[in-house]
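This report refers to the structure that appears directly beneath it.
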Amino acid sequence: MQEKKTFYITTPIYYPSAQLHIGNTYTTVAADTMARFKKMTGYDTYFLTGTDEHGQKIERRAQAAGKDPQVFVDKIVEDTKKLWKLMDVEYDVFMRTTQPDHIQAIQRIFKRMLDQDDIYKSTYEGQYCASCEAFWTETQLNEGGTCPDCGKVTELVQEESYFFRMSKYQDWLIQYIEDHPEFIQPPSRANEMLQNFLRPGLQDLCVSRTTFSWGVPVDFDPKHVVYVWIDALFNYVTALGYMSEEDTLLKRYWPAQVQLVGKDIVRFHTIYWPIMLHALGLPLPKQVFAHGWLLFGNDKMSKSKGNVVYPPPIVARYGADALRYYLMREMPFGADGNYTNRALLNRINSDLANDLGNLVRRTLAMIEKYFDGVIPQPGIYEEVDIALREKALALPAAFEREMDALQFSQALQEVWRLVSESNRYIDLTQPWVLGRDDAGKERLKTVLYVLAEAIRFIGVLIYPVMPTTSKRIHQQLGITQDAHTTWDSLQAFGALPAGVAIQPGEALFPRVDVEKELAELEADKGKEKPQSDPVPVKKEPAKAQIAFDDFEKISLKVARVLSCEHLVGSDKLLKFRLSLGQEERTVLSGIAKYHDPATLVGRKVILLTNLAPRKIRGVMSEGMLLSAENPDGSLHLLFADDDVVEGAEIG
RNA sequence: CGCGGGGUAGAGCAGUUCGGUAGCUCGUCGGGCUCAUAACCCGGAGGUCGAGGGUUCAAGUCCCUCCCCCGCAACCA
């Protein structure tokens, strides 16, 4: 049996000191897209993501929260996994540096480095801020030598530390980078490393700490813990069983084909990491790809600026696929990009709703209309048909070329060329004219088949980026066999089975009202508490099922607000005078904080009319107004359409 | 001279490796079509390609000088 080619891809392991945001999501979705693509094209694929859970910052955060560090990170890890699930990220392994097997492997690695004299014990000297318990370099300090974090005066402190002999390997690495231009991508990053760090000369790297204890203990010198460089970077191989008894995965997948990193951690992944791998006799990853950052508008995302974007509210509104598409399409991978809600919404409307969604819908609608929803058997291909067919057949190669270069945006652009061409094809062939007579209908069979087949191609190609939409498209085309949705099925134009009933469903991507959505997203953000659960859904135990008879006991009616005012002596209550047509009632409602009474007069509201009357603050309230409660506790009155007559029964 | 990235139509970007009529998306204006999610298709307007100088038959693209913006200090992608 022939061995499949392997493809190992990693994201950085994230630091779980706070909720992950859209930047982390960007990297991870990119890795997922790549992994799905490689899997689809026949590679034996392995995809790693995870969390780097040690270090002083987490130790302090946990302390501040009054929690054990492990408990603290467990919670964030749980949220992180939920986020990946929400984003349809299918990793093969979620690596955590607090796993026992990792800890043991790190201890062995540390010992081995010491034994072969790559690590030595010495003292670390630096400016230390006692308040922050952190070392700073001279250049990091404020003018006057104060701590950049808290502004207090720092002191020169010595700490016993283990050091890795980076300098020993620097010439080897310079040579390696020069000999392997593909190793660091984009190439400008390689320049940066060579100019700034490698050529000026590397300093030996401090690889242990004694100032905190939340880390992998150095087993032969227990007052030290292994510092992040070794602890975190080596996860990429300990996850495969390096330094354990079971290392078949390591043999199978290492070296990685691609390691994705943000531009801020390029140095660690292209200098320290390769040197340490080399020192241990391991091969280097084929490529370290540094992508840019997602900026908000032109600003850095920053909690203090209040512009950090979190995916869950976006996914809740538009679905994971829309966000995945935007992230992969909007900016070239490698350069910085801007995230704006407006750009996202515009992409959803133009690319997804207008171009793709509408193409699918209009095609299916015509198959429905002219052939009773059954995909027709094509006849002889004419010139226009052949032109579209050739474009479709040429697509996979172009797509693969761009994907292999991690140019997701370009790859999608290629697919959208076929989307456009297909829309154009409809204009050229004018199916609605063909449908008018029998002669035209023969020709129409071919036209609609060609269209449906082009859509099948599109469905297959978008799978890595939009897995759900891909499936929906194929479902709507009535495809039931997986063989018709594989990469190999794109070798021939015509795999779509004729004579099968299509299954038209909901619009793939409904158009959105940009201005309205922008306002609502903005409102969502105000209510959202970034430190809280990323899925801002209050989980209350579901109420027990009721019988219809139970519902029948309730009388809901539409009422018109005749007057509304603050109830004197209460800051919560509004006093309503309501008309139900035949009768009028007085009702109190505890929504004064969220509604201005003046704006409510004349509105149609929903009243629970048969609730037992109750005296509140001396006023008899005859019923209850329905309102909705947001997760933040705010209350919003529910309104009925103006067309509804007052007194109308609701049921 | 610290290092890197960038300055191209109203907006967002590609094109610069290996000089040869300035391109894409959105927006805008006009037309077409009516199968479709007011969607789709065609066409137009709109740019001294940051400034100046140089090389060349020819420069957004090569060379020199200068100006401006952004990162390298993070919420660490």
Side-chain angles (χ1 to χ4, degrees), chain A residues 11-15 17-31 52 57 136-137 139-142 148-149 186-197 199-200 260-268 290-295 298-305 307-308 329-332 334-338 340 342-343 346-347 349-370 409-410 413 416-417 419-435 444 447-448 451 506-512 530-531:
Chain A
T11 71
I13 51 172
Y14 305 111
Y15 201 65
S17 62
Q19 296 301 333
L20 267 56
H21 50 79
I22 201 161
N24 314 291
T25 305
Y26 177 53
T27 318
T28 310
V29 165
D52 161 27
K57 190 162 167 181
W136 303 101
T137 65
T139 52
Q140 284 175 314
L141 295 180
N142 294 329
D149 223 23
S188 58
R189 297 294 166 200
N191 275 338
E192 205 172 355
M193 292 305 122
L194 288 168
Q195 297 279 27
N196 279 319
F197 303 106
R199 293 207 175 103
L260 296 182
V261 297
K263 66 178 184 182
D264 54 322
I265 50 172
V266 173
R267 187 166 103 229
F268 316 138
H291 65 257
W293 277 340
L294 214 47
L295 310 173
N298 279 316
D299 265 352
K300 269 175 16 176
M301 282 194 194
S302 140
K303 252 179 217 160
S304 55
K305 286 178 189 157
N307 64 0
V308 181
R329 175 66 185 85
E330 186 69 8
M331 43 256 162
D336 283 353
N338 289 328
T340 65
R342 187 179 289 278
N346 284 339
R347 284 277 176 206
N349 273 347
S350 60
D351 295 6
L352 299 181
N354 295 356
D355 291 346
L356 176 61
N358 186 44
L359 170 67
V360 172
R361 157 125 335 163
R362 64 201 300 216
T363 301
L364 296 184
M366 288 190 282
I367 292 174
E368 188 87 346
K369 180 170 176 182
Y370 297 119
S409 181
Q410 298 286 326
Q413 214 171 337
W416 253 254
R417 263 194 253 282
V419 173
S420 277
E421 277 303 322
S422 302
N423 274 317
R424 201 170 111 82
Y425 174 84
I426 296 180
D427 249 57
L428 294 172
T429 53
Q430 298 185 292
W432 55 92
V433 174
L434 295 173
L444 186 56
V447 167
L448 290 183
L451 266 176
E506 298 281 296
L508 256 25
F509 296 95
R511 276 182 67 82
V512 296
Q531 294 294 352

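A, B, ... follow the sequence lines: proteins, then strands. Residue 1 opens every chain.
Of the listed nucleotides (B:U37, B:A77, B:C75), B:U37 has the atom at the smallest distance from the side chain of A:Ala507. In the set B:C76, B:G12, B:U37, B:C76 carries the atom at the smallest distance from any side-chain atom of A:Lys57. Minimum atom distance to the side chain of A:Asn423 is reached by B:C40, of the listed B:A36, B:C40, B:C75. If you check B:C35, B:C26, B:C40 against the side chain of A:Ile426, the one that comes closest is B:C35. Of all nucleotides listed (B:A77, B:A36, B:C40), B:C40 comes nearest to the side chain of A:Asp427. Taking only side-chain atoms of A:Arg511, from C-beta outward, the nucleotide of B:A36, B:A39, B:C41 with the closest atom is B:A39. Closest to the side chain of A:Asn358, from the set B:A77, B:A36, B:U37, is B:A36. Closest approach to the A:Leu508 side chain among B:G4, B:C35, B:U37 is made by B:U37 (side chain taken as heavy atoms from C-beta onward).
The nearest whole Å value for the distance from the CZ atom in A:Arg361 to the P atom in B:C35 is 15 Å. Summarising the geometry, the separation between CD on A:Glu330 and P on B:A77 is reported as 23 Å, rounded to the nearest angstrom. If you measure from atom CG of A:Leu356 to atom C1' of B:U37, you get 12 Å, rounded to the nearest angstrom. The distance from atom CH2 of A:Trp432 to atom P of B:C33 is 10 Å, rounded to the nearest whole Å. Remark: P of B:C24 and CD of A:Gln410 are 14 Å apart, rounded to the nearest angstrom. Rounded to whole Å, the distance from CG on A:Leu352 to P on B:U37 is 17 Å. Whole-Å rounding puts the A:Leu364 CG to B:A39 C1' distance at 15 Å. When rounded to the nearest whole Å, the span between CG of A:Asn349 and P of B:U25 equals 17 Å.
Rounded to whole Å, the C1' atom of B:U55 lies 34 Å from the corresponding atom of B:G12. Taking atom C1' on both B:C3 and B:U17, the two are 22 Å apart, rounded to the nearest angstrom. B:C1 and B:C13 have their C1' atoms separated by 32 Å, with the value rounded to a whole Å. Taking atom C1' on both B:G4 and B:G47, the two are 29 Å apart, rounded to the nearest angstrom. A distance of about 10 Å separates the C1' atoms of B:C49 and B:G7, rounded to the whole Å. Distance noted for atom C1' between B:C69 and B:C75: 23 Å (whole Å). Distance noted for atom C1' between B:G6 and B:G15: 15 Å (whole Å). Separating the C1' atom of B:U28 from that of B:C64 is a span of 41 Å, rounded to the nearest Å.
Under 4.0 angstrom from either OP1 or OP2 of B:A36 there lies no side-chain N or O belonging to A:Lys369. Contact annotation: A:Ser17 side-chain N/O to B:C76 OP1/OP2 distance is under 4.0 Å. The side chain of A:Arg424 contributes no N or O atom lying less than 4.0 Å from OP1 or OP2 of B:C40.
Considering only residues two or more places apart in sequence or on other chains, A:Tyr14 meets the side-chain hydrogen bond (donor to acceptor under 3.5 Å, both in side chains) condition with A:Thr28. By the side chain to side chain contact (heavy atoms under 4.5 Å, CB included) test, A:Arg511 pairs with A:Asn349, A:Ala353, A:Asn354, sequence neighbours left out. Considering only residues two or more places apart in sequence or on other chains, A:Ser409 meets the side chain to side chain contact (heavy atoms under 4.5 Å, CB included) condition with A:Arg329. Listed by chain and number, the residues in a salt bridge (charged side-chain N to carboxylate O under 4.0 Å, His left out) with A:Arg267 amount to none (sequence neighbours excluded).
Interface remark: the A:Asn354 side chain does not form any donor-acceptor pair with the B:A39 base, using a distance-only criterion of under 3.5 Å.
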Worksheet item: Given A:Asp355 and A:Leu359, is the side chain to side chain contact (heavy atoms under 4.5 Å, CB included) satisfied, shown in steps?
Response: CA-CA 6 Å; A:Asp355 291 346; A:Leu359 170 67; over 6 Å; no
Item to complete: Check step by step if side chain to side chain contact (heavy atoms under 4.5 Å, CB included) holds for A:Val419 and A:Asp351.
Response: CA-CA 9 Å; A:Val419 173; A:Asp351 295 6; over 6 Å; no
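The stretch residues 425-435 of chain A participates, sequence neighbours left out, in no salt bridge (charged side-chain N to carboxylate O under 4.0 Å, His left out) pair at all.
When heavy atoms are screened at a 4.0 angstrom cut-off, A:Tyr14 is found touching the sugar-phosphate backbone but no base atom. Within 4.0 Å (heavy atoms only), A:Tyr15 reaches sugar-phosphate atoms of the nucleic acid but no base atom.
Remark on RNA chain B: of its neighbouring residues A:His291 and A:Asn191, the 5'-side contact belongs to A:Asn191, judged by nearest-heavy-atom nucleotide. The 5' end of RNA chain B is approached more closely, in terms of each residue's nearest nucleotide, by A:Pro431 than by the other of A:Arg267 and A:Pro431.
Taking the side chain as every heavy atom from C-beta outward, A:Arg362 and A:Asn423 approach each other to under 4.5 Å. Taking the side chain as every heavy atom from C-beta outward, A:Leu444 and A:Thr429 never approach each other to under 4.5 Å. Using a 4.5 Å heavy-atom cutoff, the side chains of A:Asn24 and A:Tyr15 are not in contact.
Where pairing requires Watson-Crick or G-U contacts shorter than 3.5 Å, the helical stems of RNA chain B with at least three consecutive pairs are B:2-7 with B:67-72, B:10-13 with B:23-26, B:28-32 with B:40-44, B:50-54 with B:62-66.
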